[in-house]
Number of protein chains: 2
Amino acid sequence: MSDSQKFPVAAHALAYLAHKEAFSPDRAVASAELAASVPTNPVVVRRVTAMLGKAGLIGARAGANGGAWLLKPAQDITLDTVLRAVHGCANLGTAPPGVKGCPVGARIPDAVRAALIAADAAAAERLSLISVADLLADPAERDAVLKSA
Amino acid sequence: MSDSQKFPVAAHALAYLAHKEAFSPDRAVASAELAASVPTNPVVVRRVTAMLGKAGLIGARAGANGGAWLLKPAQDITLDTVLRAVHGCANLGTAPPGVKGCPVGARIPDAVRAALIAADAAAAERLSLISVADLLADPAERDAVLKSA
DNA sequence: GGAACTGTATCGGTAGCGATTACGTAATAG
DNA sequence: CTATTACGTAATCGCTACCGATACAGTTCC
């Protein structure tokens with residue numbers, strides 16, 4: 001696992017869809033337009049939107065006038081859902097295997113692993129307080145939401 | 001930034017030092033011994049312990065019978081301090097630059113960036129509740145500490 | 001003086017990611 | 001019905017970052 005840009009791209013794409021009020025198939029936004037806004041390559045966007053689609057966050061349709069649209073109101077999509085949709089996690093490293101046989105050398109890795117999981121859970125919990133709609137709010141209002149931890 | 005193992009190695013090393021009761025220079029533990037416990041290469045350990053030393057968490061001495069020792073009680077070293085000492089962070093990606101000129105395309109990246117920072121802060125805050133001493137406690141007691149979020 | 005150990009520089013191997021190209025499928029426009 | 005648009009996926013390329021290993025200078029103890 002690693003330093004992936006999937007989560008930032010996903011968050012940006014969802015916010016863009018909300019800004020464009022793409023709430024139904026007839027208002028679908030093409031991957032090329034989303035890619036131009038990030039900016040990145042259309043294929044990178046489609047890789048992400050495909051995962052968001054499997055998570056039930058957005059719909060997508062091929063063909064002319066096709067593209068992606070939101071399946072839920074922007075304020076109902078929290079960022080922890082987005083993070084899980086793209087299989088992201090707070091990456092602080094992986095606990096080492098430790099030395100077999102040594103009692104303490106075997107217990108420390110489990111404890112470190114538990115700490116890493118706790119940190120990841122805390123990050124996800126923090127993201128659950130932020131919605132896609134919050135990403136479009138004015139900076140002042142957005143910071144107010146971000147600080148109400 | 002990336003998928004570094006520095007933080008897990010640092011946490012393991014500090015826990016090992018606490019277990020060995022290395023609280024003064026005359027009880028210093030060599031990098032080779034720490035490396036055998038992780039397990040990893042002695043140089044990898046020294047790269048990490050050098051950073052921990054600059055952060056004031058441990059002392060180190062070269063020469064025969066040299067090595068590293070703790071400068072503070074294990075229960076006074078919290079894992080967020082360790083994370084910062086090795087320049088780690090919850091790696092959820094980097095906010096995209098966005099498109100210049102478009103007002104919304106320029107504001108979304110700032111909002112995404114703020115969300116990433118908030119998540120990182122939440123992870124660090126969670127780690128601040130865990131000490132190196134907690135890593136050595138029994139699994140039952142350790143989980144009790146981890147759940148008292 | 002010799003042995004042990006740290007801190008740092010450097011090199012090779014490896015893994016992961018983004019960007020790009022390409023292709024099959026689907027859906028609309030004319 | 002055909003051309004066009006657009007998604008989803010696979011394959012490839014170049015890049016970057018990390019770990020592991022070797023080497024070496026400086027430091028400390030016997």
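Residue numbers begin at 1 in each chain, while the letters A, B, ... track the order of the sequences.
The side chain of A:Lys54 contributes an N or O atom lying less than 4.0 Å from OP1 or OP2 of D:dT9. A sub-4.0 Å separation between OP1 or OP2 of D:dA21 and a side-chain N or O of B:Asn41 is present. Taking only side-chain nitrogens and oxygens, A:Thr40 comes nearer than 4.0 Å to OP1 or OP2 of C:dA19. Remark: B:Ser4 is not in phosphate contact with D:dA17, judged by side-chain N or O atoms under 4.0 Å from OP1 or OP2. A close approach under 4.0 Å does not occur between any side-chain nitrogen or oxygen of B:Ser31 and OP1 or OP2 of C:dC5.
A 6.0 Å sphere centred on CD of B:Glu125 holds no more than 12 heavy atoms belonging to other residues, nucleotides or ligands. Shown here is A:Gln75, whose CD atom has more than 12 heavy atoms of other residues, nucleotides or ligands within 6.0 Å.
Along DNA chain D, the nucleotide nearest to A:Arg47 and the one nearest to A:Ala60 differ in position, and the one closer to the 5' end is contacted by A:Ala60.
Of the candidate nucleotides C:dA29, D:dC7, C:dT8, C:dA29 has the atom nearest to the side chain of A:Asn65. Of the candidates C:dT6, C:dG18, D:dC19, the closest approach to any side-chain atom of B:Lys6 belongs to D:dC19. Closest to the side chain of A:Ala62, from the set D:dG8, D:dA6, D:dC19, is D:dA6. Checking D:dC19, C:dT6, D:dT9 against every side-chain atom of A:Ala50, the shortest atom distance belongs to D:dT9. You'll find that the side chain of B:Val43 is closest to C:dT8, out of C:dT6, D:dA6, C:dT8.
Exactly one of B:Asn41, B:Val43, B:Thr49 qualifies for a side chain to side chain contact (heavy atoms under 4.5 Å, CB included) with B:Val45. That residue is B:Thr49.
Not a single donor-acceptor pair, N or O on each side, falls under 3.5 Å between the base of C:dG7 and the side chain of B:Arg61.
Counting any heavy atom pair closer than 4.0 Å across all strands shown, B:Gly66 reaches sugar-phosphate atoms only and no base atom.
Among all heavy-atom pairs drawn from B:Pro8 and A:Leu92, the shortest one is CD-O, 3.4 Å.
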